Chemist: 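Handing you this structure, nothing more for now.
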Protein chains: 2
Amino acid sequence: MPNILVVDDQEVVRYGTTLILQKSIEDAHVSEAASFEDTLKMLSTKKFDLLILDIDMPGGNNHQMLDVIRLRHPDIRILIFSSYDEQIFGWRYLEAGADGFLSKKTGIEEIKNAAKTLLRGEKYLSPTLKQTLLNNFTNKKAATNPIQRLSSRENNIMQLLIKGSSVAEIAEKLSLQISTVSTYKKRIFEKLQVSNVIEMIEKVQLYS
Amino acid sequence: MPNILVVDDQEVVRYGTTLILQKSIEDAHVSEAASFEDTLKMLSTKKFDLLILDIDMPGGNNHQMLDVIRLRHPDIRILIFSSYDEQIFGWRYLEAGADGFLSKKTGIEEIKNAAKTLLRGEKYLSPTLKQTLLNNFTNKKAATNPIQRLSSRENNIMQLLIKGSSVAEIAEKLSLQISTVSTYKKRIFEKLQVSNVIEMIEKVQLYS
DNA sequence: TTAATATGTAGTAGTTTTACTACAAAAGTT
DNA sequence: AACTTTTGTAGTAAAACTACTACATATTAA
């Protein structure tokens with residue numbers, strides 16, 4: 001009788017997920033939690049086999065949450081269930097100790113699938129992620145954290161861009177030509193595969 | 001036998017919502033749509049009494065969506081179901097022709113409540129919104145948060161800017177002149193007292 | 001130890017964005 | 001009703017930014 005804990009701050013999502021699990025997994029016993037605190041409390045009351053964790057909860061420092069949980073419950077299987085893009089965020093969570101990453105955009109079938117896979121003791125990767133994995137395998141470079149691929153000057157300039165500085169301001173501050181800063185900016189965007197500062201910031205937040 | 005259409009791009013949410021409605025409303029017949037296109041198609045096939053519409057769908061130009069729907073189906077009741085903060089965005093959608101605004105953070109009870117209220121032909125306001133309404137009534141301008149000072153068009157454009165859209169892209173999407181969008185952007189910045197998108201985003205986050 | 005990349009820097013020409021101005025229609029005030 | 005402010009819209013000139021190119025110096029890989 002698998003014990004599952006569904007964590008999400010939106011009750012509709014918990015409700016839907018719970019029902020899906022109950023209908024598709026024999027004898028599943030599903031509990032719910034709406035916050036990180038509740039989650040820890042619940043986890044300490046009884047043994048859970050699977051934790052389905054929404055990571056875009058307010059107040060949750062996503063990465064640390066995982067660490068804390070892993071520390072106290074080394075055996076629990078963790079499935080990250082997020083509305084963030086899996087291609088961008090998936091890896092990070094897998095690396096950080098999750099056993100699977102599932103985008104909220106995926107359908108019900110995929111949820112069942114992921115849950116069953118994890119309960120079987122395997123890791124779960126969405127089809128898209130598997131594909132990316134293959135690419136990275138041949139392609140070593142892309143596999144490392146993209147922010148670490150920035151040179152220190154680039155990183156430096158990225159920091160200023162994140163603060164909202166304009167290209168001109170940065171050039172002024174660093175006594176460079178505007179065109180130089182612009183080139184850096186372009187290279188940064190290329191390396192991070194983003195096309196504007198906003199995406200850049202999102203990417204950075206994820207990897208830090 | 002009320003006909004309800006649930007629109008959301010996340011299948012779990014649709015699933016949960018549908019079940020909630022079916023269980024709480026006698027004889028409810030609930031259909032689902034995952035995109036704006038599907039929504040319009042569905043709406044034209046038969047008569048719906050209530051539309052529960054998720055507004056943070058990718059590609060959905062929120063306000064225009066409402067307009068289009070209202071134009072073709074003047075009688076349908078529309079409940080906006082969003083993960084945006086209701087205090088900031090709620091009244092705006094009401095003004096734009098919705099009959100109710102519900103935050104996804106609210107619980108199942110509130111969903112039932114809202115749906116039933118709308119089906120009865122009344123408008124629905126969450127308790128929080130009612131409160132805000134009262135405050136604004138006595139309190140007019142002074143204490144309101146800067147984001148509420150934006151007109152709905154401005155708000156609309158802000159939304160797109162937050163997503164990282166460029167001025168040109170927005171102009172294209174909304175069929176406006178670039179200069180027009182630029183003017184909006186300038187006015188938004190003025191009202192929020194910021195000087196770039198990054199600060200703007202910070203401000204929005206502050207107030208939500 | 002070559003050969004291949006990556007990095008730091010910039011010019012030029014072309015795009016995009018902003019500033020400033022404007023104006024009619026709507027909303028709000030007196 | 002008359003007056004003021006806000007909103008939705010745009011043109012034009014100026015400012016900011018990007019693309020593409022370039023090149024010398026480091027680094028890295030073969």
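Below, chains carry the letters A, B, ... as their sequence lines are ordered, and counting in each starts from 1. All figures in this text were calculated on a predicted structure; none of them were measured in a lab. Note that these values count all heavy atoms, side chains included, but never hydrogens, waters or copies made by symmetry.
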Chemist: Kindly say whether Leu160(A) contributes a backbone atom to a donor-acceptor pair with the side chain of Ser165(A) at under 3.5 angstrom?
Modeler: yes
Chemist: Between dT9(D) atom C1' and Ile170(B) atom CD1, what is the distance in whole Å?
Modeler: 15 Å
Chemist: Rounded to whole angstroms, how far apart are CD1 on Ile178(B) and P on dA13(D)?
Modeler: 16 Å
Chemist: Figure out the CD/C1' separation between Gln177(B) and dA10(D), and round it to whole Å.
Modeler: 7 Å
Chemist: Answer yes or no: is there a donor N or O on one side and an acceptor on the other, between the side chain of Lys203(A) and the main chain of Leu192(A), under 3.5 Å?
Modeler: yes
Chemist: Could you check Val167(A) against Tyr184(B) and say which one's nearest nucleotide on DNA chain D is further toward the 5' end?
Modeler: Tyr184(B)
Chemist: Please list, by residue number, the residues of residues 186-200 of chain B whose heavy atoms come closer than 4.0 Å to an atom of DNA chain C; answer none if no residue qualifies.
Modeler: Lys186(B), Arg187(B)
Chemist: Does any N or O donor sit under 3.5 Å from an N or O acceptor when you compare the side chain of Ser179(A) with the base of dG11(C)?
Modeler: yes
Chemist: With no hydrogens and no angle check, just 3.5 Å: does a side-chain donor-acceptor pair link Thr18(B) and Glu32(B)?
Modeler: yes
Chemist: Is a donor on one side and an acceptor on the other found under 3.5 Å between the side chain of Arg14(B) and the backbone of Asp8(B)?
Modeler: yes
Chemist: Using whole Å, what does the distance between atom C1' of nucleotide dT9(C) and atom CZ of Arg153(A) come to?
Modeler: 9 Å
Chemist: Where along residues 154-166 of chain A does a heavy atom come under 4.0 Å from DNA chain D, residue by residue in number order?
Modeler: Ser166(A)
Chemist: Looking only at side-chain N and O atoms, does Thr180(B) come under 4.0 Å of OP1 or OP2 in dA10(D)?
Modeler: yes
Chemist: Side chains of Asp54(B) and Asp9(B): closer than 4.5 Å at any heavy-atom pair?
Modeler: yes
Chemist: Given dT17(C), is OP1 or OP2 found less than 4.0 Å from the side-chain N or O atoms of Lys185(B)?
Modeler: no
Chemist: Would you kindly check whether a donor in the side chain of Ser182(A) faces an acceptor in the base of dA19(D), or vice versa, at under 3.5 angstrom?
Modeler: no
Chemist: How about CD on Gln159(A), more than 12 heavy atoms from neighbouring residues, nucleotides or ligands closer than 6.0 Å, or not?
Modeler: yes
Chemist: Roughly how far, to the nearest 0.5 Å, is CG of Leu174(B) from CD1 of Ile157(B)?
Modeler: 5.5 Å
Chemist: Just verifying a value: how many Å separate Phe101(A) CZ and Leu79(A) CG, rounded to the nearest 0.5 Å?
Modeler: 9.5 Å
Chemist: For Glu37(A), look at atom CD and say whether over 12 heavy atoms of other residues, nucleotides or ligands are found less than 6.0 Å away.
Modeler: no
Chemist: Measure the distance from CD on Glu172(B) to P on dA10(D) and round it to the nearest whole Å.
Modeler: 13 Å
Chemist: Once you round it to whole Å, what is the distance between P of dT7(C) and CG of Leu150(A)?
Modeler: 9 Å
Chemist: With distance as the sole criterion, do the side chain of Thr183(A) and the base of dA19(D) form a donor-acceptor contact below 3.5 Å?
Modeler: no
